[in-house]
Amino acid sequence: MAKIKPFEGIFYNTKQSIDISSKVAPPYDVIDSKLQTDLYIKDPDNIIRIILGKEENSDLENELYKRSSGYYNNWINNSIMKCTKEKAFYVWDQKFNSNGTEYVRRALIAKVRCLPFSQKEIIPHEKTHKGPKEDRLKLFNEVGAQFSQIFSLYNDDDKKIETAIKSKIGEPILEAHYDNVENRLYKIDCSKTISFLIDSFEKINLYIADGHHRYETSVKYFEDKKIDGSTLMSLVQIDDPGLIVLPTHRAIKSDLSNFICFQKLEKKFFIDKKSFSEWPDIIDQINSSKDKHVFGFANRKLGISGILKPIEPLNYDECWSKYSKSWKSLDVSALHAYIFNSIFNFDVKNIFDKKNVFYTHKEKECIRKLDEDYNWVFFLRSTSIEQLIEIADNDEVMPPKSTFFYPKFLSGFVNSKL
(Lines give C-alpha, C1' and ligand atoms only; values in the text may rest on other atoms or scores of the structure.)
Protein backbone atom coordinates (compact mmCIF):
# COMPACT_ATOMS: atom_id res chain seq x y z
CA MET A 1 0.00 0.00 0.00
CA ALA A 2 1.06 3.60 -0.52
CA LYS A 3 3.74 5.09 1.73
CA ILE A 4 3.55 8.88 1.74
CA LYS A 5 5.61 11.37 3.71
CA PRO A 6 5.95 15.13 4.17
CA PHE A 7 8.90 16.84 2.56
CA GLU A 8 11.08 19.94 2.53
CA GLY A 9 9.67 22.02 -0.29
CA ILE A 10 11.57 24.14 -2.77
CA PHE A 11 9.75 27.31 -3.82
CA TYR A 12 10.31 30.53 -5.69
CA ASN A 13 11.20 33.23 -3.17
CA THR A 14 8.25 35.61 -2.97
CA LYS A 15 9.09 38.34 -0.48
CA GLN A 16 6.98 40.93 -2.27
CA SER A 17 4.03 38.81 -3.37
CA ILE A 18 2.78 35.24 -3.34
CA ASP A 19 1.95 35.34 -7.07
CA ILE A 20 4.50 33.47 -9.22
CA SER A 21 2.48 33.37 -12.47
CA SER A 22 5.39 34.47 -14.65
CA LYS A 23 7.70 31.74 -13.35
CA VAL A 24 5.66 28.56 -13.81
CA ALA A 25 5.08 26.42 -16.91
CA PRO A 26 3.04 23.39 -18.00
CA PRO A 27 4.68 19.95 -17.83
CA TYR A 28 7.56 19.65 -20.30
CA ASP A 29 5.82 17.05 -22.49
CA VAL A 30 3.00 19.42 -23.55
CA ILE A 31 5.29 22.34 -24.42
CA ASP A 32 5.96 22.95 -28.12
CA SER A 33 8.80 25.07 -29.52
CA LYS A 34 6.68 28.24 -29.72
CA LEU A 35 5.53 28.01 -26.10
CA GLN A 36 9.08 27.21 -25.03
CA THR A 37 10.30 30.43 -26.64
CA ASP A 38 7.40 32.43 -25.17
CA LEU A 39 8.22 31.16 -21.67
CA TYR A 40 11.89 32.02 -22.12
CA ILE A 41 10.89 35.58 -22.98
CA LYS A 42 8.25 35.83 -20.26
CA ASP A 43 10.63 35.73 -17.28
CA PRO A 44 14.41 35.13 -17.01
CA ASP A 45 13.69 32.90 -14.00
CA ASN A 46 10.91 30.84 -15.61
CA ILE A 47 11.14 27.13 -14.78
CA ILE A 48 11.33 26.32 -18.52
CA ARG A 49 15.10 26.87 -18.32
CA ILE A 50 15.38 23.82 -16.08
CA ILE A 51 12.67 21.44 -17.30
CA LEU A 52 13.07 22.04 -21.04
CA GLY A 53 16.18 24.01 -21.85
CA LYS A 54 17.08 25.09 -25.37
CA GLU A 55 19.65 23.00 -27.18
CA GLU A 56 22.59 24.79 -28.77
CA ASN A 57 24.57 23.57 -31.78
CA SER A 58 27.79 23.68 -29.77
CA ASP A 59 26.40 21.48 -26.95
CA LEU A 60 28.57 18.56 -25.90
CA GLU A 61 27.17 15.43 -24.24
CA ASN A 62 24.76 16.29 -21.40
CA GLU A 63 25.54 20.00 -21.82
CA LEU A 64 21.83 20.79 -21.99
CA TYR A 65 21.21 19.12 -18.62
CA LYS A 66 24.28 20.67 -17.03
CA ARG A 67 22.93 24.06 -18.05
CA SER A 68 19.65 23.21 -16.26
CA SER A 69 21.64 22.33 -13.16
CA GLY A 70 23.50 25.62 -13.44
CA TYR A 71 20.27 27.59 -13.48
CA TYR A 72 18.94 25.68 -10.48
CA ASN A 73 22.08 26.13 -8.39
CA ASN A 74 22.29 29.80 -9.33
CA TRP A 75 18.67 30.38 -8.30
CA ILE A 76 19.24 28.64 -4.96
CA ASN A 77 22.51 30.51 -4.29
CA ASN A 78 20.92 33.86 -5.14
CA SER A 79 17.70 33.20 -3.21
CA ILE A 80 15.53 33.20 -6.33
CA MET A 81 14.42 29.81 -5.05
CA LYS A 82 14.53 28.69 -1.43
CA CYS A 83 14.42 25.36 0.39
CA THR A 84 12.16 25.10 3.41
CA LYS A 85 13.68 23.71 6.60
CA GLU A 86 10.56 22.01 7.93
CA LYS A 87 8.79 19.02 6.39
CA ALA A 88 5.16 19.43 5.44
CA PHE A 89 2.38 18.30 3.14
CA TYR A 90 0.87 20.80 0.73
CA VAL A 91 -2.59 21.21 -0.75
CA TRP A 92 -3.01 22.49 -4.29
CA ASP A 93 -6.37 23.89 -5.42
CA GLN A 94 -7.02 24.60 -9.10
CA LYS A 95 -10.07 26.70 -9.97
CA PHE A 96 -11.08 26.55 -13.63
CA ASN A 97 -13.95 26.58 -16.11
CA SER A 98 -14.86 23.70 -18.41
CA ASN A 99 -17.79 23.92 -20.84
CA GLY A 100 -19.32 26.79 -18.90
CA THR A 101 -19.11 25.12 -15.48
CA GLU A 102 -16.71 26.23 -12.74
CA TYR A 103 -14.74 23.56 -10.87
CA VAL A 104 -12.15 23.33 -8.12
CA ARG A 105 -9.82 20.32 -8.15
CA ARG A 106 -7.92 19.62 -4.93
CA ALA A 107 -4.67 17.67 -4.63
CA LEU A 108 -2.55 16.63 -1.68
CA ILE A 109 1.15 17.09 -2.54
CA ALA A 110 3.40 14.49 -0.92
CA LYS A 111 6.48 12.38 -1.46
CA VAL A 112 5.45 8.79 -2.23
CA ARG A 113 7.52 5.63 -1.97
CA CYS A 114 8.82 4.76 -5.39
CA LEU A 115 8.61 1.08 -6.35
CA PRO A 116 8.42 -0.76 -9.71
CA PHE A 117 4.92 -1.31 -11.06
CA SER A 118 5.36 -5.05 -10.46
CA GLN A 119 4.96 -4.35 -6.72
CA LYS A 120 1.36 -3.18 -7.43
CA GLU A 121 1.59 -0.32 -4.96
CA ILE A 122 1.44 2.28 -7.71
CA ILE A 123 -0.75 1.15 -10.62
CA PRO A 124 -0.27 2.38 -14.22
CA HIS A 125 -2.71 2.56 -17.12
CA GLU A 126 -0.43 3.72 -19.93
CA LYS A 127 2.53 2.30 -21.85
CA THR A 128 5.76 4.33 -21.71
CA HIS A 129 8.54 4.90 -24.22
CA LYS A 130 12.30 4.72 -23.86
CA GLY A 131 13.25 8.17 -25.18
CA PRO A 132 11.38 10.40 -22.70
CA LYS A 133 12.61 8.31 -19.75
CA GLU A 134 16.24 8.60 -20.87
CA ASP A 135 15.80 12.36 -21.23
CA ARG A 136 14.27 12.83 -17.76
CA LEU A 137 16.89 10.55 -16.15
CA LYS A 138 19.69 12.75 -17.48
CA LEU A 139 17.93 15.79 -16.00
CA PHE A 140 17.39 14.04 -12.65
CA ASN A 141 21.04 13.00 -12.46
CA GLU A 142 22.32 16.52 -13.15
CA VAL A 143 19.85 18.55 -11.08
CA GLY A 144 18.87 16.15 -8.27
CA ALA A 145 15.47 17.77 -7.83
CA GLN A 146 11.90 17.52 -9.13
CA PHE A 147 9.89 20.41 -10.56
CA SER A 148 6.84 18.46 -11.76
CA GLN A 149 4.71 15.94 -9.90
CA ILE A 150 3.32 12.59 -10.91
CA PHE A 151 -0.47 12.95 -10.92
CA SER A 152 -2.16 10.01 -9.14
CA LEU A 153 -5.64 9.05 -8.01
CA TYR A 154 -6.86 7.51 -4.76
CA ASN A 155 -10.09 6.29 -3.16
CA ASP A 156 -11.46 8.14 -0.12
CA ASP A 157 -14.81 6.40 0.29
CA ASP A 158 -15.48 7.56 3.84
CA LYS A 159 -14.20 11.11 3.14
CA LYS A 160 -11.96 11.06 6.21
CA ILE A 161 -8.93 12.20 4.19
CA GLU A 162 -10.96 14.98 2.58
CA THR A 163 -12.21 16.13 5.99
CA ALA A 164 -8.73 16.09 7.54
CA ILE A 165 -7.30 18.16 4.70
CA LYS A 166 -10.18 20.64 4.70
CA SER A 167 -9.83 21.25 8.44
CA LYS A 168 -6.25 22.51 7.98
CA ILE A 169 -6.69 24.84 5.03
CA GLY A 170 -5.67 28.36 5.99
CA GLU A 171 -4.40 31.19 3.82
CA PRO A 172 -2.58 30.36 0.57
CA ILE A 173 1.21 30.54 0.62
CA LEU A 174 1.53 30.71 -3.18
CA GLU A 175 -0.64 31.64 -6.13
CA ALA A 176 -0.26 31.39 -9.88
CA HIS A 177 -2.69 32.30 -12.63
CA TYR A 178 -1.94 30.43 -15.83
CA ASP A 179 -4.06 29.73 -18.92
CA ASN A 180 -7.32 30.73 -17.20
CA VAL A 181 -6.65 28.48 -14.21
CA GLU A 182 -6.26 29.88 -10.68
CA ASN A 183 -3.72 27.88 -8.65
CA ARG A 184 -3.45 28.21 -4.87
CA LEU A 185 -1.10 26.35 -2.55
CA TYR A 186 -1.66 25.69 1.15
CA LYS A 187 0.61 24.17 3.77
CA ILE A 188 -0.18 21.38 6.24
CA ASP A 189 2.39 21.18 9.04
CA CYS A 190 0.19 19.92 11.90
CA SER A 191 1.94 16.80 13.20
CA LYS A 192 -1.34 15.11 14.14
CA THR A 193 -2.81 15.63 10.67
CA ILE A 194 0.42 14.52 9.02
CA SER A 195 0.39 11.28 11.02
CA PHE A 196 -3.27 10.69 10.18
CA LEU A 197 -2.65 11.15 6.46
CA ILE A 198 0.37 8.84 6.50
CA ASP A 199 -1.66 6.15 8.26
CA SER A 200 -4.66 6.59 5.96
CA PHE A 201 -2.68 6.18 2.75
CA GLU A 202 -1.10 2.95 4.02
CA LYS A 203 -4.49 1.34 3.28
CA ILE A 204 -4.71 2.75 -0.26
CA ASN A 205 -3.34 1.90 -3.71
CA LEU A 206 -2.58 4.75 -6.09
CA TYR A 207 -3.44 4.90 -9.78
CA ILE A 208 -1.26 7.05 -12.02
CA ALA A 209 -3.37 9.49 -14.01
CA ASP A 210 -0.55 11.43 -15.67
CA GLY A 211 3.24 11.24 -15.47
CA HIS A 212 4.03 7.56 -16.15
CA HIS A 213 7.39 8.47 -17.71
CA ARG A 214 8.36 10.61 -14.71
CA TYR A 215 7.40 7.84 -12.31
CA GLU A 216 9.39 5.14 -14.10
CA THR A 217 12.31 7.56 -14.34
CA SER A 218 12.14 8.06 -10.56
CA VAL A 219 12.22 4.27 -10.05
CA LYS A 220 15.27 3.97 -12.31
CA TYR A 221 17.02 6.91 -10.61
CA PHE A 222 16.77 5.32 -7.16
CA GLU A 223 17.59 1.84 -8.44
CA ASP A 224 20.78 3.15 -10.05
CA LYS A 225 21.79 4.75 -6.79
CA LYS A 226 20.78 1.60 -4.85
CA ILE A 227 18.67 3.55 -2.38
CA ASP A 228 15.03 3.56 -1.31
CA GLY A 229 13.43 6.69 -2.64
CA SER A 230 10.23 8.70 -2.77
CA THR A 231 8.94 10.76 -5.67
CA LEU A 232 6.80 13.91 -5.72
CA MET A 233 3.09 13.34 -6.36
CA SER A 234 -0.16 15.26 -6.64
CA LEU A 235 -2.82 13.01 -5.11
CA VAL A 236 -6.45 13.55 -6.15
CA GLN A 237 -9.59 11.74 -5.03
CA ILE A 238 -11.10 9.54 -7.73
CA ASP A 239 -14.49 11.22 -7.22
CA ASP A 240 -13.20 14.79 -7.00
CA PRO A 241 -15.78 16.93 -8.88
CA GLY A 242 -12.94 18.75 -10.61
CA LEU A 243 -11.45 15.59 -12.10
CA ILE A 244 -12.03 16.40 -15.77
CA VAL A 245 -10.82 14.07 -18.52
CA LEU A 246 -10.72 15.38 -22.08
CA PRO A 247 -10.39 13.22 -25.19
CA THR A 248 -7.31 13.26 -27.37
CA HIS A 249 -8.21 13.40 -31.06
CA ARG A 250 -6.17 12.00 -33.95
CA ALA A 251 -5.10 13.16 -37.40
CA ILE A 252 -3.56 10.42 -39.55
CA LYS A 253 -1.53 9.91 -42.69
CA SER A 254 -2.73 7.08 -44.92
CA ASP A 255 -1.16 5.71 -48.09
CA LEU A 256 -4.53 4.37 -49.25
CA SER A 257 -6.65 6.68 -51.37
CA ASN A 258 -9.27 8.67 -49.50
CA PHE A 259 -12.06 7.24 -51.65
CA ILE A 260 -11.02 3.61 -51.08
CA CYS A 261 -10.81 4.18 -47.31
CA PHE A 262 -14.28 5.68 -47.28
CA GLN A 263 -15.65 2.72 -49.23
CA LYS A 264 -14.11 0.34 -46.69
CA LEU A 265 -15.62 2.33 -43.82
CA GLU A 266 -19.07 2.17 -45.47
CA LYS A 267 -18.96 -1.64 -45.38
CA LYS A 268 -18.41 -1.77 -41.61
CA PHE A 269 -20.02 1.39 -40.21
CA PHE A 270 -23.26 3.31 -40.34
CA ILE A 271 -22.15 6.74 -41.55
CA ASP A 272 -24.04 9.94 -40.84
CA LYS A 273 -22.36 11.99 -43.58
CA LYS A 274 -22.18 15.77 -43.47
CA SER A 275 -20.30 18.49 -45.33
CA PHE A 276 -16.74 19.18 -44.21
CA SER A 277 -17.72 22.61 -42.82
CA GLU A 278 -20.09 20.95 -40.35
CA TRP A 279 -17.29 19.16 -38.45
CA PRO A 280 -17.65 21.39 -35.32
CA ASP A 281 -21.21 20.10 -34.79
CA ILE A 282 -19.98 16.51 -34.66
CA ILE A 283 -18.22 16.93 -31.31
CA ASP A 284 -21.42 17.59 -29.36
CA GLN A 285 -23.24 14.80 -31.19
CA ILE A 286 -20.73 12.06 -30.39
CA ASN A 287 -20.44 13.25 -26.78
CA SER A 288 -24.20 12.90 -26.31
CA SER A 289 -24.24 9.35 -27.71
CA LYS A 290 -24.43 6.39 -25.31
CA ASP A 291 -23.58 3.80 -27.98
CA LYS A 292 -20.60 1.51 -27.41
CA HIS A 293 -18.38 2.86 -30.19
CA VAL A 294 -18.95 6.23 -31.81
CA PHE A 295 -16.39 8.27 -33.76
CA GLY A 296 -16.41 11.60 -35.52
CA PHE A 297 -14.36 12.09 -38.67
CA ALA A 298 -13.42 14.71 -41.24
CA ASN A 299 -11.68 14.62 -44.63
CA ARG A 300 -11.03 17.89 -46.43
CA LYS A 301 -10.15 16.30 -49.81
CA LEU A 302 -13.46 14.42 -49.93
CA GLY A 303 -15.24 17.49 -48.57
CA ILE A 304 -16.99 15.49 -45.87
CA SER A 305 -17.25 14.99 -42.13
CA GLY A 306 -19.54 12.72 -40.18
CA ILE A 307 -20.20 10.14 -37.48
CA LEU A 308 -19.27 6.45 -37.55
CA LYS A 309 -21.10 3.66 -35.67
CA PRO A 310 -20.32 -0.03 -36.20
CA ILE A 311 -22.93 -2.00 -38.14
CA GLU A 312 -22.01 -5.13 -36.18
CA PRO A 313 -19.76 -5.78 -33.14
CA LEU A 314 -16.18 -5.21 -34.21
CA ASN A 315 -14.27 -8.35 -35.15
CA TYR A 316 -10.64 -7.75 -34.17
CA ASP A 317 -7.77 -9.55 -35.88
CA GLU A 318 -6.11 -12.42 -34.04
CA CYS A 319 -3.13 -10.24 -33.07
CA TRP A 320 -5.41 -8.45 -30.56
CA SER A 321 -6.72 -11.63 -28.93
CA LYS A 322 -4.62 -11.19 -25.78
CA TYR A 323 -6.50 -8.01 -24.87
CA SER A 324 -9.56 -8.11 -22.60
CA LYS A 325 -13.14 -7.18 -23.49
CA SER A 326 -12.69 -4.07 -21.32
CA TRP A 327 -9.70 -2.99 -23.39
CA LYS A 328 -11.51 -3.63 -26.67
CA SER A 329 -14.53 -1.68 -25.44
CA LEU A 330 -12.49 1.54 -25.29
CA ASP A 331 -13.10 3.91 -28.19
CA VAL A 332 -9.34 4.58 -28.47
CA SER A 333 -8.65 0.84 -28.69
CA ALA A 334 -11.29 0.34 -31.38
CA LEU A 335 -9.95 3.29 -33.35
CA HIS A 336 -6.37 2.01 -33.43
CA ALA A 337 -6.82 -1.78 -33.31
CA TYR A 338 -9.75 -1.94 -35.71
CA ILE A 339 -10.13 1.18 -37.85
CA PHE A 340 -6.43 1.98 -38.26
CA ASN A 341 -5.41 -1.67 -38.48
CA SER A 342 -8.23 -3.22 -40.53
CA ILE A 343 -9.50 -0.27 -42.57
CA PHE A 344 -6.37 1.81 -43.13
CA ASN A 345 -3.94 -1.15 -43.10
CA PHE A 346 -1.62 0.36 -40.51
CA ASP A 347 1.06 -2.11 -39.48
CA VAL A 348 0.44 -3.39 -35.95
CA LYS A 349 4.00 -2.55 -34.87
CA ASN A 350 3.56 1.11 -35.84
CA ILE A 351 -0.12 1.55 -35.10
CA PHE A 352 0.46 4.09 -32.31
CA ASP A 353 3.52 5.70 -33.91
CA LYS A 354 3.59 9.50 -33.93
CA LYS A 355 5.11 9.34 -37.42
CA ASN A 356 1.67 8.53 -38.84
CA VAL A 357 -0.62 9.75 -36.05
CA PHE A 358 -0.88 13.29 -34.66
CA TYR A 359 -2.41 13.52 -31.17
CA THR A 360 -4.07 16.58 -29.62
CA HIS A 361 -7.02 17.39 -27.36
CA LYS A 362 -7.70 20.51 -29.48
CA GLU A 363 -10.05 19.83 -32.39
CA LYS A 364 -8.87 22.78 -34.48
CA GLU A 365 -5.24 21.64 -34.27
CA CYS A 366 -6.30 18.33 -35.80
CA ILE A 367 -8.20 20.06 -38.59
CA ARG A 368 -5.20 22.28 -39.37
CA LYS A 369 -3.15 19.12 -39.97
CA LEU A 370 -5.32 18.49 -43.05
CA ASP A 371 -3.52 21.44 -44.67
CA GLU A 372 -0.29 19.45 -44.35
CA ASP A 373 0.16 15.81 -45.39
CA TYR A 374 -2.48 14.34 -43.07
CA ASN A 375 -5.69 13.26 -44.76
CA TRP A 376 -8.11 12.06 -42.04
CA VAL A 377 -9.15 13.41 -38.65
CA PHE A 378 -10.93 11.27 -36.04
CA PHE A 379 -12.71 12.79 -33.05
CA LEU A 380 -13.10 10.77 -29.85
CA ARG A 381 -15.18 10.85 -26.67
CA SER A 382 -13.49 11.03 -23.28
CA THR A 383 -12.28 7.89 -21.55
CA SER A 384 -13.96 7.66 -18.15
CA ILE A 385 -12.24 7.31 -14.79
CA GLU A 386 -14.13 4.03 -14.31
CA GLN A 387 -12.63 2.67 -17.54
CA LEU A 388 -9.15 3.78 -16.48
CA ILE A 389 -9.45 1.99 -13.12
CA GLU A 390 -10.88 -1.16 -14.73
CA ILE A 391 -8.03 -1.39 -17.25
CA ALA A 392 -5.43 -0.71 -14.55
CA ASP A 393 -6.92 -3.37 -12.25
CA ASN A 394 -6.75 -5.85 -15.16
CA ASP A 395 -2.97 -5.26 -15.33
CA GLU A 396 -3.42 -3.82 -18.82
CA VAL A 397 -2.41 -0.50 -20.33
CA MET A 398 -4.45 1.74 -22.57
CA PRO A 399 -3.30 2.94 -25.99
CA PRO A 400 -1.16 6.10 -25.84
CA LYS A 401 -3.00 9.37 -25.31
CA SER A 402 -6.18 7.72 -24.04
CA THR A 403 -6.68 10.41 -21.40
CA PHE A 404 -5.97 14.12 -21.13
CA PHE A 405 -6.53 15.36 -17.60
CA TYR A 406 -7.42 19.05 -17.48
CA PRO A 407 -5.98 21.25 -16.16
CA LYS A 408 -2.34 20.18 -15.93
CA PHE A 409 -0.37 20.65 -12.73
CA LEU A 410 2.18 23.41 -13.28
CA SER A 411 5.92 22.83 -13.22
CA GLY A 412 7.80 25.04 -10.75
CA PHE A 413 4.85 25.67 -8.44
CA VAL A 414 5.94 23.21 -5.74
CA ASN A 415 9.25 21.37 -5.99
CA SER A 416 11.49 19.07 -3.97
CA LYS A 417 14.82 17.34 -3.89
CA LEU A 418 14.87 13.79 -5.17
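When reading the values below, keep in mind they use all heavy atoms of this one structure, side chains included, and skip hydrogens, waters and symmetry mates.
- For Lys273, there are no salt bridge (Lys or Arg N to Asp or Glu O under 4.0 Å) partners two or more places apart in sequence or in a different chain.
- Annotation: ring-ring contact (aromatic ring centres under 6.0 Å, His included) contacts of Phe196 (sequence neighbours excluded): none.
- For Lys66 and Glu63, the salt-bridge test fails: no basic side-chain N is under 4.0 Å from an acidic carboxylate O.
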Step-by-step ring pair (Phe, Tyr, Trp, His ring centres under 6.0 Å) determination, Phe7 to Tyr90: CA-CA 9 Å; Phe7 61 98; Tyr90 295 88; 5.5 Å; yes
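- Judged purely by atom type and a 3.5 angstrom limit, Asp156 uses its side chain to pair as donor or acceptor with the backbone of Ile161.
- Qualifying side-chain hydrogen bond (donor to acceptor under 3.5 Å, both in side chains) partners for Lys138, counting only residues two or more places apart in sequence or in other chains: none.
- Counted by atom type alone, Trp327 and Asn394 present zero donor-acceptor pairs between their side chains at under 3.5 Å.
- Using modelled atom types, one finds no donor on one side chain facing an acceptor on the other under 3.5 Å when comparing Glu8 with Thr84.
- No donor-acceptor pair closer than 3.5 Å links the side chain of Ser22 to the backbone N or O of Asp43.
- Residues Ser69 and Glu142 have side chains that never bring a donor and an acceptor to within less than 3.5 angstrom of each other.
- Trp75 and Asn13 are not linked by any side-chain donor-acceptor pair at a separation below 3.5 angstrom, with hydrogens and angles left out of the test.
- We find that Asp38 and Lys34 are joined by a salt bridge, their nearest charged nitrogen and carboxylate oxygen being less than 4.0 Å apart.
- Between the Asn415 side chain and the Gly412 main chain, a donor and an acceptor come within less than 3.5 Å of each other.
- Glu278 and Ser275 are linked by a side-chain donor-acceptor pair at a separation below 3.5 angstrom, with hydrogens and angles left out of the test.
- Both the sub-6.0 Å distance and the 45° axial angle are satisfied by Lys225 relative to the ring of Tyr221.
- Under 4.0 Å is where a charged nitrogen must lie from a carboxylate oxygen, and between Asp281 and Lys274 no such pair does.
- Residues Trp279 and Phe379 bring their aromatic ring centres within 6.0 Å.
- Between the side chain of Asn258 and the backbone N or O of Leu302, no donor-acceptor pair lies under 3.5 Å.
- If you check the side chains of Glu396 and Ser324, you find a donor sitting under 3.5 Å from an acceptor.
- For Lys292, the side chain to side chain contact (heavy atoms under 4.5 Å, CB included) criterion is met by Ser329, not counting sequence neighbours.
- You'll find the ring centres of Phe352 and Phe340 outside the 6.0 Å limit.
- A donor-acceptor contact closer than 3.5 angstrom is absent between the side chains of Gln94 and Glu182.
- A cation-pi arrangement is present between Lys369 and Phe358, with the terminal nitrogen or guanidinium carbon under 6.0 Å from the aromatic centre and inside a 45° cone about the axis.
- The six-membered or imidazole ring of Phe151 lies near that of Phe409, with a centre-to-centre distance under 6.0 Å.
- Side chains of Gln146 and Lys417: a donor-acceptor N/O pair is absent below 3.5 angstrom, by distance only.
- Centroid-to-centroid, the aromatic rings of Tyr186 and Trp92 stay 6.0 Å apart or farther.
- Ionic pairing of Lys120 and Asp395 is present here: one or more N-O contacts between side-chain nitrogen and carboxylate oxygen are shorter than 4.0 angstrom.
- Cation-pi check for Arg105 over Tyr406 is not met; the charged atom does not lie both under 6.0 angstrom from the ring centroid and within 45 degrees of its normal.
- No salt bridge links Asp353 with Lys253; every basic N to acidic carboxylate O contact stays at or beyond 4.0 Å.
- There is a side-chain donor-acceptor pair under 3.5 Å between Asp393 and Tyr207.
- For Lys268, there are no salt bridge (Lys or Arg N to Asp or Glu O under 4.0 Å) partners, not counting sequence neighbours.
- Residue Arg381 forms a salt bridge (charged side-chain N to carboxylate O under 4.0 Å, His left out) with just one option from Asp284, Asp331, Asp291, and that option is Asp331.
- Side chains of Asp19 and Ser21: a donor-acceptor N/O pair is present below 3.5 angstrom, by distance only.
- In summary, the side chains of Lys54 and Thr37 do present a donor paired with an acceptor at a separation below 3.5 Å, with no hydrogens or angles considered.
- Between the side chain of Asn46 and the backbone N or O of Val24, at least one donor-acceptor pair lies under 3.5 Å.
- Within the cation-pi definition used here (under 6.0 Å to the ring centroid, within 45° of the axis), Arg49 qualifies as a partner of Tyr40.
- Applying the ring-ring contact (aromatic ring centres under 6.0 Å, His included) criterion to Phe147, with sequence neighbours excluded, gives Tyr72.
- A salt bridge does not link Lys133 to Asp135: none of the charged side-chain nitrogens sits closer than 4.0 Å to a carboxylate oxygen.
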